[in-house]
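A short write-up of the structure that comes next.
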Number of protein chains: 2
Amino acid sequence: MLKKSVTIKEIAKEAQVSIATVSMILNNKDKNISESTRNKVLKIAKEKNYIPNTMARSLITKQTGIIGLVIPDITNPFFPEIARGVEDKASEERYSIIICNTDDNLQKEDQYIQILTEKMVDGIVITHSADRYQEDSIRILDGCRVPIVLIDRDYSIPNVIGKVLVDNFKASYEAVNYLLNKGYRKIAYITGSLNTKTARDRLEGYKEALLTRGISYDERYIKVGEYKIQWGIDATKKLVSEDVFFDAIFCGNDLIAIGSMKALKKFRLKVPQDIGIMGFDDIYMASVIEPALTTMKQPNYEMGYYAAELLIEGIKKESLSINEKNTKKIILDSKLIVRESS
Amino acid sequence: MLKKSVTIKEIAKEAQVSIATVSMILNNKDKNISESTRNKVLKIAKEKNYIPNTMARSLITKQTGIIGLVIPDITNPFFPEIARGVEDKASEERYSIIICNTDDNLQKEDQYIQILTEKMVDGIVITHSADRYQEDSIRILDGCRVPIVLIDRDYSIPNVIGKVLVDNFKASYEAVNYLLNKGYRKIAYITGSLNTKTARDRLEGYKEALLTRGISYDERYIKVGEYKIQWGIDATKKLVSEDVFFDAIFCGNDLIAIGSMKALKKFRLKVPQDIGIMGFDDIYMASVIEPALTTMKQPNYEMGYYAAELLIEGIKKESLSINEKNTKKIILDSKLIVRESS
DNA sequence: CTGAAAGCGCTAACAG
DNA sequence: CTGTTAGCGCTTTCAG
């Protein structure tokens, strides 16, 4: 556990050159340095197992090569993929990420932003609860001196140089369209709470898809509840018991879809044999549980990846003092995953 | 996006004291500083929204307040809880964590360790693939100058100041014992590959529990395959078709348990009504899918939490140059979760 | 082609 | 009680 590590100073002494020369060589800024000294220095550095001290460098360059990732909770299955996407892009560009779990708690978020600022991160990727007032968001990101990219959020705040969103309306529209193309006409929709924009967009996409085909939808086909397996079961039971004829069910998320499929198995005789089921594959990998399920896969990994890309681009531009201040917006599509019944 | 932030120098000038005074006050090392100057400095610091520059401090103190977390893949449902545990403890102690996904790739691991060392992390918490030779592990952690805590691994390597493990043997033993206490006597065991110590320990626990009760087990009761839902289904079918009488099944992980329960539903008439099913709740939260399932919940969160605790303890001791070099080992128990049928 | 020198922002003795 | 003085390890003009 030796703390002692070689410095460029020691290398310089050993190589009998100045520390400036060593620094330049080690940073590949050796335009005008002779091959001989160059090799000599490099050899010594390797021998002594030189490890640059990032702190010292950062003190001068004002860049740490670290970006902060602020999310509600990595334990929520929605986030690991995002985190992975961010990390992958970051490490491609030789950035590290510091991860912060806020539990959707404003105070914690503020505190983390503060810490990240002290730690001199070069930028921040942040997602926060969809149920949050705009003023709060502003307060949170206020006073933070680094570029920010939002994931799954669409506020306009100074410092926010980018946003990555998914088009839920379109995804929902296409999912329903897929069912329609398959010949289904009576498509029920089971969703969780409608108090997030995501949920409302999905519902609108469903309605729009039907309207486009001139199919009027019936309010009785729409069941609003919770994003839980149990609600998938209950809502499906309701549909059956209410004697509403349906030949397909579209589920607002994968938990609901899992529940719905469970329930349908019990009603094999009461519903069409080839009933169409579709769900959003948000979090629980419904497909692992119900391999026959067709889903709209949310591009979580991609969201993280593009967010990091946007951020790093912004960081670099800024360090070049380019002052092009339009915030970029990337809207990603969900992907229809059709599986064969097993 | 102002990069300019106030320094203690400016505060010192404004308060008409020396920078040393300001530094001491801001670090609560103001044993002998008058209340008046103290308040004056604090007031100015607040007014100017002073943010300490961690880089500059770290350069001197050789402490960054950052811990590296090296894991195979945050996307693997085994790790988010661990990561959360590490982060929670870390943030309690005002440490941040940098997360690295190695994909069980030695080269990547080496590279990350290198980067973390450059970034001057104060310590590292690492988990790596169970299928790995000891020599490799040594090579990886070699040359790394900071304290290390291993999660779910038990190698003895310099720098490793702690290990956090779960007692799989005991967990398995207790799970089977639970079934025995319930009156089950013919307990089958479906496991994945036996080439990890975890899997072997679990199998041994199963055998030991039976032996303790003087129950001889039959090799036909043990099905070795993969940790997948499909294997749970197939193995269960096998058991039924082979006409081996069993009144309970113990599953090596939750995917297998999910598969097994699926299969059993199809054989309702061929197996005892009150068949006992038990599984390890490692990764997929089997309980969400099959709420009636009794499981041994792996203490992932706790592993992370204790690992961070051990590491931080070690970091502090080291900074105090205490040279007590025994590596601590924490062995955690899984927790039996009995659920009511829904 | 290379070296000297001036810091980055902060801490930590050591004087007064 | 507070100020002076050295650096931490590195980058970066600017002279030679």
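By convention in this document, chain letters (A, B, ...) are assigned in the order of the sequence lines, proteins followed by strands, and residues within each chain are numbered from 1.
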* Asked: Is A/Lys62 near enough to C/dG9 that one of its side-chain N or O atoms lies under 4.0 angstrom from OP1 or OP2?
  -> yes

* To do: Run through B/Ile148, B/Thr327, B/Ile124 and flag the one making a side-chain contact (heavy atoms from CB on, under 4.5 Å) with B/Asn159.
  => B/Ile148

* Select base, sugar-phosphate, or nothing to describe what A/Thr37 touches, counting heavy atoms under 4.0 Å on all strands. => sugar-phosphate

* **Residue A/Lys9, side-chain atoms from C-beta onward, closest of C/dT2, D/dT11, D/dC8** => D/dC8

* Asked: Just how far, in rounded Å, is P of D/dT13 from CG of A/Asn27?
  -> 13 Å

* To do: Using modelled atom types only, decide if a donor and an acceptor are shared between the side chain of B/Asn53 and the backbone of B/Met55 within a distance under 3.5 Å.
  => yes

* Check whether any side-chain N or O of A/Asn53 sits under 4.0 Å from OP1 or OP2 of D/dC8, and answer yes or no. => no

* Rounded to the nearest angstrom, tell me the gap between atom CD1 in A/Ile60 and atom C1' in D/dG7. => 14 Å

* Options C/dC10, D/dG3, D/dG9, nucleotide nearest the side-chain atoms of B/Ser18 -> D/dG3

* To do: Determine, stepwise, if the pair B/Asn300 / B/Arg84 fulfils side-chain hydrogen bond (donor to acceptor under 3.5 Å, both in side chains).
  => CA-CA 9 Å; B/Asn300 290 355; B/Arg84 186 64 210 257; over 6 Å; no

* Asked: Across the strands shown, which category fits A/Ser23 at heavy-atom distances under 4.0 angstrom: base, sugar-phosphate, nothing?
  -> base

* Structure fact -> DNA chain D nearest-nucleotide lookup for B/Leu59 and A/Ile19: closer to the 5′ end is B/Leu59

* Base, sugar-phosphate alone, or nothing: which one does B/Gln63 contact when heavy atoms must sit under 4.0 Å apart? -> nothing

* Distance below 4.0 Å between A/Thr21 side-chain N/O and C/dT2 OP1 or OP2 -> no

* To do: Please state how far atom CZ in A/Arg57 lies from atom C1' in C/dG9, giving the value in whole angstrom units.
  => 18 Å

* Asked: Side chains of A/Asp88 and A/Tyr301: donor-acceptor distance under 3.5 Å anywhere?
  -> yes

* Asked: Among the nucleotides C/dA5, D/dG9, D/dG3, which one has an atom lying closest to any side-chain atom of A/Ala20?
  -> C/dA5

* To do: Report yes if at least one side-chain N or O of A/Tyr50 is closer than 4.0 Å to OP1 or OP2 of D/dG9; otherwise report no.
  => no

* Structure fact -> Here the distance between atom C1' of D/dT4 and atom CD1 of B/Ile8, to the nearest Å, is 14 Å

* To do: Starting at atom NZ of A/Lys13, determine the distance to atom P of C/dA4, rounded to an integer number of angstrom.
  => 14 Å

* Nearest whole angstrom, please: distance from the P of C/dC8 to the CE of A/Met120. => 13 Å

* Asked: Atom CE of B/Met24 and atom C1' of D/dT4: how far apart are they, to the nearest Å?
  -> 13 Å

* Gap between atoms CD and P, on A/Gln16 and C/dG3 respectively (whole Å) -> 10 Å

* **Side chain proximity check, B/Glu81 to B/Glu302, heavy atoms < 4.5 angstrom** => no

* Would one find a side-chain N or O of A/Thr7 under 4.0 angstrom from OP1 or OP2 of D/dC8? -> no

